Amino acid sequence: MTPSTRYWLMKSEPDECSIDDALAAPQATVAWIGVRNYQARNFMRDAMRVGDGVLFYHSSCAEPGIAGLARVASEPYPDPSQFDPASPYFDPKSTPDAPRWLLRDVQALRKTRLLSLAALRQHPALADMKLLQRGNRLSITEVSEAEWATVCQWLDAP
DNA sequence: GCCAACGTTGGC
DNA sequence: GCCAACGTTGGC
């Protein structure tokens, strides 16, 4: 991972938390709970900085794709769901003294028109996006400055 | 619901 | 540390 990464793509299942849900939350801010992959956790714990740009991506749904823009809105802190036995994200091996899963708050900035996964795949400038690489399943991936700019220009185009 | 791809677990 | 078995992700 490059220390200069300032842009991220974060997947959310819209049934759990859509861009509309995030925009409707207090301060349009949601805690990014439920990540249980170490690489994605490390991005949140170590690499992100407050203010980094986030592509808000809808996954596991009828129309997967980029659905909004957001920003990293907090320093890392323990994911409370790991301590809740009633939560599907409960982790019995984690303790408050040594929490295994850290998260960030994410503030939604705006909903965009949907840039579908199929459309993203057809854009030559996005061919190297981590999201689009074969076999990728990571729920948080790095986005280059050029990829970010391409997406923003695309969203501004008629 | 299928299944490819990948991550994690746990026996050895 | 290896690696088979199992579980999960996520598009289709």
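So you know, we letter chains A, B, ... as the sequences are listed, proteins then strands, and number each from 1. Values in this document were obtained by computation on a predicted structure and should not be read as measured data.
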* Asked: Which class fits the ring pair A:Trp8 and A:Phe43: parallel under 30°, tilted 30 to 60°, perpendicular over 60°?
  -> tilted

* Gap between atoms CG and C1', on A:Leu138 and C:dG10 respectively (whole Å) -> 13 Å

* To do: For A:Leu132 and B:dA5, give me the distance from atom CG to atom P, rounded to whole Å.
  => 16 Å

* Within the pair A:Tyr57 and C:dG11, is there a side-chain N or O less than 4.0 Å away from OP1 or OP2? -> yes

* Taking only N and O in the side chain of A:Arg137, is any of them less than 4.0 Å away from OP1 or OP2 of C:dT8? -> no

* To the nearest Å, give me how far apart CZ (A:Arg121) and C1' (C:dC12) are. => 11 Å

* **Among B:dG10, C:dG11, C:dT9, the one nearest A:Lys93 by side-chain distance** => B:dG10

* Would you find a donor on one side and an acceptor on the other, under 3.5 Å apart, between the side chain of A:Gln107 and the backbone of A:Ala73? -> no

* What's the spacing between A:Trp154 CH2 and A:Ile66 CD1 if we round to 0.5 Å? -> 7.5 Å

* Test A:Arg36 against A:Asp79 for salt bridge (Lys or Arg N to Asp or Glu O under 4.0 Å), laying out the working first. => CA-CA 10 Å; A:Arg36 294 295 180 268; A:Asp79 181 339; 3.1 Å; yes

* Asked: If you measure only the distance, is there a donor-acceptor pair under 3.5 Å linking the side chains of A:Ser81 and A:Asp84?
  -> no

* **Closest to the A:Asn37 side chain, choosing from B:dA5, B:dG7, C:dC12** => B:dG7

* Asked: Separation of A:Glu63 atom CD from C:dG10 atom P, in whole Å?
  -> 18 Å

* Nearest whole angstrom, please: distance from the P of C:dG10 to the CD1 of A:Ile66. => 15 Å

* Structure fact -> Rounded to whole Å, the CD-P distance (A:Glu16 to C:dT8) equals 15 Å

* Asked: Does a side-chain N or O from A:Lys11 land closer than 4.0 Å to OP1 or OP2 of C:dG10, or not?
  -> yes

* To do: Taking only the side-chain heavy atoms of A:Ser139 (C-beta and beyond), determine which of C:dG10, B:dG7, C:dC12 contains the nearest atom.
  => C:dG10

* Protein-nucleotide distance (A:Asn136, atom CG; B:dA4, atom P), rounded to Å -> 18 Å

* Asked: Between B:dA5 atom P and A:Leu131 atom CG, what is the distance in whole Å?
  -> 17 Å

* Classify the side chain of A:Arg36 and the base of C:dT8 as holding, or not holding, a donor-acceptor pair under 3.5 Å. => no

